There are 2 protein chains.
Amino acid sequence: MQGQTPADGQEPALRSLTTALRVLQCFSMEEPELGVTEIALRLGVGKSTVHRILTTLERNGFVRKDETTRRYRLGLSVLTLGGILMSNLEIYREGQHLLESFVNRFDETVHLAVLEGLSTVYVSKIESKHPVPMLTHLGRKNPLHCTSSGKAILAFQEDELIQEVIRRGLTRYTRTTITDPEQLLLRLEDIRRQGFATSEGELRDGVSSVAVPVRDYTRKVVGAVTVVGPTYRFTPDKVRTLARQLLDVGREISTRLGYYVRRSP
Amino acid sequence: MQGQTPADGQEPALRSLTTALRVLQCFSMEEPELGVTEIALRLGVGKSTVHRILTTLERNGFVRKDETTRRYRLGLSVLTLGGILMSNLEIYREGQHLLESFVNRFDETVHLAVLEGLSTVYVSKIESKHPVPMLTHLGRKNPLHCTSSGKAILAFQEDELIQEVIRRGLTRYTRTTITDPEQLLLRLEDIRRQGFATSEGELRDGVSSVAVPVRDYTRKVVGAVTVVGPTYRFTPDKVRTLARQLLDVGREISTRLGYYVRRSP
DNA sequence: CAGGGCTGTTCCTGTCTGCGGAACAGGCGC
DNA sequence: GCGCCTGTTCCGCAGACAGGAACAGCCCTG
């Protein structure tokens, strides 16, 4: 380590490109519009650098400049790429229609989530008629320890990943967020036993959810189907009903991904 | 070429970033998975360059490497950005629910399209129960001259843009595609008069559509709402009915974008 | 209305980065 | 088992990029 080659594990990384990608990831739901200085400060790089990057991104449609405010927001090219990604995500293609019919039957908002690093990402969202305004959105990343989908996925991963999540710290979001490693492990054990996960306001107060895992042909849990709604509507009875129905949906999607139930373990 | 400053109109463009963005845009619905060599050939750059770019993109979740085939596909980060973009697109936010209720009433697939350069981009898609499998997808770019939404938008743009579209050439896709500039101008005139546009298989055989323009508070036409379906279901009668209903939806979205009908022109 | 303090934008220069050719490695199919 | 095709690594030179500083607009504020 004291050698001249730091060997930080990853040599070939393009500097300007990396910065550009970090620029793109500065944009968020809460801050969809940013100025040059703001981004430069946040990333700790020069204003002119950011300006050059934004100009290049704009020329390719990845960001859009508001000529009056001279601030930048994301451009339609990112949507084009997102659309291509979705249409080619097998779990999305196979799940979409099943999710739709679920929503039609129960009129509660449903998501499809997949694992990405130490987060879940929503790859599909179908809203119920009762508008649950903008709690989540397509592509949204959430932690693994405080959502039902996160736990439904986490419960079936290698111990190494679970430990990594714990090592990174179980951030508290609400009163009911699980922040104690021991308790998390117990809950994950429950989830493995009963086959589904729940959350009662663990990420956001007043928002409950139920989730079941989805497996692919390698038998690995790659995602989760989840129902979200206001806690007051999620009575224990309803949770039980939703869970039972969700399990069917989860199994069906898994089957379509090539998963089959083994006779004997 | 013999001068030192080519002054090609746009100086400050980051080379590596530009190449990287072009790499991303190589992925498409038809080719969601690409290899290094393939991309390098297509872009006319070295294999090692592409490899370095892909590695950097992968490290940030913009592409994903399939470890077995060693080929690359888009990563979930593009979906996250797409979701942020959508949620903050005013036309999407205001239009979504109106589109949903339209689909519930008529059970035909509906899109929301906006103008981007010389193309339309679909920013929203709500499918009818009758699955019209994958004709289009979110973020899809289409030409302006051969779709109903494209024409509905084009008809109300400055003459300069219309001429530019013609100058670029009216590519033929089917037997009914309008390829004659004169004829296009006449059709646009019709559209301005009757307030909506139609297409009968102009982009794809057997697929018809009807579209109406959407204006924002500057009174500019910024997008279009469009109904798509198989030609055999789009009888003249049905087209008339759909158009009448769509006009209401278009007006309502426009109003929500701050557009108001002026008393006298 | 004029000034200050913000922005975004442009210019410039030295340094170190990123380009591409060629060599290496690994897998698949003939 | 051999070639041929991939993806990956190495390396040296050229020139592209980072960032400081100067410029230019805008919007408040006084």
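So that the names make sense, note that chain A is the first sequence line, chain B the second, and so on, each numbered from 1. Please read all numbers here as calculations on a predicted model, not as lab measurements.
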In whole angstrom, what separates B:R71's CZ from D:dG7's P?
7 Å

OP1 or OP2 of D:dA18 under 4.0 Å from side-chain N/O of A:R52
yes

Per atom distances to the A:Y72 side chain, the nearest of C:dT9, D:dT8, C:dC19 is C:dT9

By a strict heavy-atom criterion of less than 4.0 Å, which residues belonging to residues 39-50 of chain A are in contact with DNA chain D?
A:V45, A:G46, A:S48, A:T49

All heavy atoms of B:A224 vs all of B:I153, minimum pair found to be CB-CG1, 3.8 Å

Atom pair distance, as rounded to whole Å: CD in B:E38 and P in D:dC5
15 Å

To the nearest Å, give me how far apart CG (A:L17) and P (D:dA18) are.
11 Å

Look at the side chain of B:K125 and the backbone N and O of B:T136, then say whether any donor-acceptor pair between them is shorter than 3.5 Å.
yes

As a test of reading the structure: which of D:dA16, D:dA18, C:dG18 is closest to the side chain of B:R15, going by heavy atoms?
D:dA16

How long is the span from the CD1 atom in B:I84 to the CD atom in A:E31, to the nearest 0.5 Å?
10.5 Å

Sequence neighbours left out, what pairs pass salt bridge (charged side-chain N to carboxylate O under 4.0 Å, His left out) with at least one residue falling in residues 81-91 of chain A?
none

Among C:dG26, C:dG18, C:dG8, which is the nearest nucleotide to the side chain of A:R70?
C:dG8

A:R73 CZ to B:L89 CG distance, which is reported to the nearest 0.5 Å:
8.0 Å

Whole-Å distance, A:D66 CG to C:dG8 C1', equals 13 Å

A:L14 CG to D:dT9 P, straight-line distance once rounded to whole Å
14 Å

Measure the distance from CD1 on B:I53 to C1' on D:dT8 and round it to the nearest whole Å.
15 Å

I want to verify a distance call: between D:dC17, D:dT8, C:dG18, whose nearest atom is closest to the B:K65 side chain?
D:dT8

Just how far, in rounded Å, is C1' of C:dG8 from CZ of A:R73?
17 Å

Is it true that atom CZ of A:R64 has more than 12 heavy atoms of other residues, nucleotides or ligands lying nearer than 6.0 Å?
no

Does D:dC5 have OP1 or OP2 sitting under 4.0 Å from an N or O in the side chain of B:T37?
no

The side chain of B:H51 lies closest to which of these nucleotides: C:dG8, D:dT8, C:dC19?
D:dT8

Name the residue closer to the 5' end of DNA chain C, choosing between A:L34 and A:S16 according to the nucleotide with the nearest heavy atom.
A:L34

Tell me whether the rings of A:Y122 and A:H111 are parallel (<30°), tilted (30 to 60°) or perpendicular (>60°).
parallel

